Structure formats: C-alpha cells, structure tokens
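A quick note: this is a predicted structure, and the numbers were derived from the prediction, not measured. Reckoned from all heavy atoms, side chains included, excluding hydrogens, waters and symmetry mates. As the structure lists them, so they are numbered: ligands from 1, and atoms in each ligand from 1. In this chain, numbering begins with 1 at the start of the sequence shown.
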Amino acid sequence: MNILVTGGAGYIGSHTCVALLEAGHSVIIADNLCNSKRETVETIMQITNKEVTFYEVDVTNSEAVDVLFRNHKIDGVIHFAGLKAVGESVEKPLDYYYNNIVSTMVLAKACLTYSVNKFVFSSSATVYGDNEVPFVETMRLLPTTNPYGETKAMCERILTDIAKANPSFSVSLLRYFNPVGAHESGLIGEAPNGIPNNLMPYVTQVAKGKLEKLRVFGNDYPTADGTGVRDYIHVLDLAEGHVVALEKLTEGVHVYNLGTGQGTSVLELVKAFEEANGIEVPYEIVARRAGDIASFYADASKAKRELGWSAKRDIIAMCRDSWRFESNNKTEGF
Ligand code: NAD
Ligand code: WQD
C-alpha cells in the first residue's frame with residue numbers, strides 16, 4: 001500500500017515508517033518539522049535502504065494537503081502529526097485545539113474527496129482520564145485534565161461521526177500508553193527540545209550527565225513502592241502495531257489499546273535502567289506533579305484477539321535501546 005504518514009519525521013512516526021517500509025509498503029511523509037528534523041527522513045532511508053517521499057507541509061493547510069492527494073494514489077493515512085506537550089497545552093490551548101483538530105478534519109476531508117478509505121489515528125491513554133485500571137476500550141471516557149487530552153478525545157469523536165456517515169471510511173483509533181525506547185540502530189529515537197517532561201528521556205539525560213539527578217514526583221501514591229505506575233511500551237512494538245492495524249483495517253471504527261498490559265513504577269524503571277546499562281541514575285523524591293494519576297496500564301487483550309498483535313520487548317530492552325540512542329545523540333552540545 002501507499003501510505004501517507006503525517007508527522008512521519010517525529011518520534012513514533014519515524015519508527016512506524018521504518019516498520020511500514022520493512023513490511024513492503026511505500027511511504028509518503030508530510031511533516032512541517034515543528035518538532036523534528038529533516039535528517040530523520042534520510043535516516044529512515046538509511047536504515048531501511050528504501051526511498052521515502054517527503055513533503056515539508058503543515059497538514060492544517062488544506063491546499064497543501066490537496067496537492068499530496070492529487071500527486072499520489074494514497075491507500076491509507078496514518079495521522080501522527082500533532083502537538084503533544086501536556087503542560088504547554090495548558091499555556092497555549094488555542095494552538096493545540098487548532099493544530100490537532102484542524103489537521104484531523106483537513107485530512108479526513110481529503111480522504112473523502114479522494115476516496116481514501118483507511119485512516120489510522122494516534123490517540124492516547126489520556127482519554128480514559130482517571131478511570132479504574134486496567135483501562136479497557138469499552139470504558140466511558142472521562143474528562144482529561146488538559147487541552148492536549150481533550151484534542152485526542154475530540155478527534156476520536158469527529159472521526160467516529162465521519163465514519164458513521166460514510167460507511168466505506170474505516171478508522172482505527174490507537175490509544176498509546178507510554179512509548180519509550182528507540183530503534184536498535186541507535187539512529188532514531190526521542191530527542192525532546194529543552195528539559196524533558198517525560199520520565200525516560202529525563203533518565204537518559206541524567207545517565208549522560210546532562211542533568212544532575214532525576215526528580216521522582218511523589219512516593220506516597222497507593223502503589224507497591226509509592227511511586228507512579230505506567231504501562232511503558234517499546235516504540236518498535238508500537239510501530240508494528242500500526243502496520244497490523246492498517247493491514248487488518250475493516251469497515252467501521254475500531255479502537256485499540258496499544259500497551260503491554262504491565263505496570264512499572266518510577267523506581268522500578270530506574271532500577272531496570274541501571275541494570276540494563278550498568279549506569280547509576282541518581283534521584284531524589286520530590287512532591288507529586290500536578291495532574292498525575294497514581295497508576296494506569298492497559299488491558300491489551302483486544303489488540304491481541306483481533307489483530308494478533310502484542311508487545312514483545314520488555315522493560316530492559318526499552319531501557320537499553322533508549323540509552324543507546326541518547327548516547328549516540330550529538331545534539332545540544334553533546
Ligand atoms: P513528535 O512531536 O515526535 O511527532 C509529531 C510530528 O508531527 C513532528 O515531527 C512534528 O514536526 C509534526 N507536526 C506537528 N504538527 C504538524 C502539522 N500541523 N503539520 C505537519 N506536521 C506536524 O511526537 P510523537 O511522540 O511521535 O507523537 C506522535 C503522535 O502520537 C502525536 O499525535 C501524539 O499526540 C501521539 N501520542 C504520543 C504519545 C507519546 O507519549 N509520545 C502518547 C500518546 C499519543
Ligand atoms: C511517567 C511517570 C511521573 C518525569 C504523559 C502524558 C500522556 C502521554 C504520555 C501523550 C509518572 C513520573 C516523570 C520526571 C517523574 N502523552 N516522572 N519524574 O505523565 O504518564 O504521560 O506522556 O499522549 O498524555 O500525560 O508520562 O513520562 O511524564 O511520567 O517521577 O521527571 O514518571 O510522575 O508517574 P505520563 P511521564
């Protein structure tokens with residue numbers, strides 16, 4: 001298939017492009033590079049030894065998107081492009097609502113115009129809000145605590161309504177849990193700008209000596225060791241999940257959790273990182289971070305049952321591969 005991958009130069013998008021190319025699909029990337037670099041497109045080609053077509057475009061721009069659909073016979077769209085920083089979304093709600101929702105509507109409209117019937121959307125476990133764990137796809141979604149989470153819930157609803165009114169338009173809503181890790185080559189991975197908000201990139205930067213120590217946000221949660229529990233998933237498992245979701249997409253709207261089903265606490269992750277890489281990660285316990293939930297992880301059984309997909313890589317592999325990428329990463333003075 002010819003797949004349009006929006007946000008394909010980004011963290012999850014780049015790994016998914018590699019997985020798509022390795023599975024024999026052709027890839028057209030549309031990315032405005034607001035949170036990624038053009039070189040990543042070259043690196044995807046280097047890893048796979050295959051060609052990729054790249055457009056530097058903003059996918060909220062309907063004229064630019066129309067050109068893509070006119071120039072290529074597209075069989076399916078994977079829509080990763082979006083703004084994703086939770087804290088920033090509270091500061092700049094309009095940017096988040098505009099970028100994430102308008103891009104989804106512009107792409108869906110182009111799909112209807114050009115009879116492109118397969119649409120895979122990057123959603124997030126954040127749409128479950130503070131539900132009971134494990135999170136199951138059938139749960140009623142609860143309000144999230146930030147505009148970013150609301151954009152994901154709204155896009156899910158918009159795509160669901162479009163699919164209802166256009167029965168040949170098939171949609172897969174993929175709810176990711178906490179993606180970490182990097183390609184085994186160490187050539188692509190997560191390279192956040194400035195001080196990372198997420199745990200794993202913070203840990204790798206402490207390990208590298210770029211940051212002094214990890215601040216563990218609270219050890220008084222009702223979890224086994226008191227620290228927050230999450231379902232970390234290797235980005236390559238996530239990437240493979242997209243390929244299967246696209247290949248097996250049938251009419252209607254399908255919702256899948258992409259997680260491992262396994263919870264890991266902050267201190268367990270630190271220990272796994274130290275064990276995997278033989279590097280000490282200094283940390284201190286500080287106050288809870290506002291908006292954090294104590295614990296969440298996926299019920300990952302639906303994706304296994306319906307798609308035959310489950311995550312294969314364990315927390316040690318996630319820590320090893322995250323570190324390999326960070327130690328290769330020459331950005332920001334290193
Ligand atoms: P990322 O920032 O690395 O990748 C997003 C890419 O989209 C970037 O390359 C950026 O330049 C591009 N982009 C943003 N707005 C665009 C626009 N209007 N037009 C064209 N390109 C645009 O983020 P990621 O971690 O790879 O996330 C990919 C998707 O998955 C996002 O939609 C994100 O919300 C979602 N998601 C991420 C996580 C996570 O923890 N990383 C979890 C759940 C869901
Ligand atoms: C994980 C755990 C923290 C940093 C966020 C978004 C979510 C999704 C993924 C997109 C928590 C603790 C963290 C640190 C710490 N993104 N922590 N010290 O908050 O589960 O999810 O990213 O959809 O929407 O909210 O991920 O990596 O920030 O935190 O102790 O410096 O690590 O408290 O328990 P989170 P995270």
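- Contacts of Ala125 with ligand 1, taken as heavy-atom pairs under 4.0 Å, are absent altogether.
- In terms of N/O distances under 3.5 Å, ligand 2 is not approached by Lys84.
- With no hydrogens or angles considered, no side-chain donor-acceptor pair links Glu251 and Ser170 at under 3.5 Å.
- Listed by number with element, the atoms of ligand 1 under 4.0 Å from a non-hydrogen atom of Ser123 are 43 (C), 44 (C).
- Assignment of Tyr232 to the shell around ligand 2 is supported, since a heavy atom sits closer than 4.0 Å.
- In this structure, a donor-acceptor pair under 3.5 Å is present between the side chains of Tyr256 and Glu306.
- The shell of residues lying under 4.0 angstrom from ligand 1, judged by heavy atoms, excludes Thr40.
- At a 3.5 angstrom cut-off on N or O pairs, Phe177 does not count as close to ligand 2.
- Thr144 and Asn146 form no side-chain donor-acceptor contact under 3.5 Å, judged by distance and modelled atom types alone.
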*asked:* With side-chain hydrogen bond (donor to acceptor under 3.5 Å, both in side chains) as the criterion, how do Tyr96 and Glu88 come out once you've worked through the C-alpha distance, each side chain's angles and the decisive distance to 0.1 Å?
replied: CA-CA 9 Å; Tyr96 273 69; Glu88 188 184 60; 2.5 Å; yes
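- Not a single heavy atom of Ser14 lies less than 4.0 angstrom from ligand 1.
- Residue contacts with ligand 2: Tyr221 is excluded, as none of its non-hydrogen atoms falls under 4.0 Å.
- The backbone and the side chain of Asn32 each have at least one atom closer than 4.0 Å to an atom of ligand 1 (non-hydrogen atoms only).
- Counting heavy atoms closer than 4.0 Å to ligand 1, residue Cys34 contributes atoms from both its backbone and its side chain.
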*asked:* Please determine whether salt bridge (Lys or Arg N to Asp or Glu O under 4.0 Å) holds for the pair Arg175 and Glu137, giving the CA-CA distance in whole Å, both sets of side-chain angles, and the decisive distance to 0.1 Å.
replied: CA-CA 9 Å; Arg175 295 179 181 157; Glu137 291 88 343; over 6 Å; no
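- Between the side chains of His79 and Thr104, at least one donor-acceptor pair of N or O atoms lies under 3.5 Å.
- Residues forming a salt bridge (Lys or Arg N to Asp or Glu O under 4.0 Å) with Arg324 (at least two apart in sequence, or on another chain): Asp321.
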*Glu190 and Lys84: CA distance, side-chain angles, deciding distance, salt bridge (Lys or Arg N to Asp or Glu O under 4.0 Å) verdict*: CA-CA 13 Å; Glu190 188 176 16; Lys84 64 162 182 178; 3.6 Å; yes
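- Remark: minimum distance from atom 31 (C) of ligand 1 to any protein heavy atom is reached at Phe80 O, 3.1 Å.
- At least one N or O atom of Leu199, backbone or side chain, sits closer than 3.5 Å to an N or O atom of ligand 2.
- What sits closest to atom 37 (C) of ligand 1 on the protein, heavy atoms only, is Ile12 CD1, 3.7 Å.
- Heavy atoms of Thr6 come nearer than 4.0 angstrom to ligand 1 in no pair at all.
- Residues His254 and Ser172 have side chains that never bring a donor and an acceptor to within less than 3.5 angstrom of each other.
- Heavy-atom separations between Pro179 and ligand 1 include at least one value shorter than 4.0 Å.
- A donor-acceptor contact under 3.5 angstrom links the side chains of Tyr55 and His72, judged on distance only.
- Counting heavy atoms under 4.0 Å from ligand 1, residue Thr126 does not touch it at all.
- Residue contacts with ligand 1, taken as heavy atom pairs separated by less than 4.0 Å, involve Lys152 solely via side-chain atoms from C-beta onward.
- Ligand 1 has an N or O atom lying under 3.5 Å from an N or O atom of Val59, backbone or side chain.
- Ser265 and Asp225 share a donor-acceptor pair across their side chains, judged by distance under 3.5 Å alone.
- Between Tyr202 and ligand 2, no N or O atom pair is found at a separation short of 3.5 Å.
- A cation-pi arrangement is absent between Arg215 and Tyr283 under the rule of less than 6.0 angstrom and at most 45 degrees off the ring axis.
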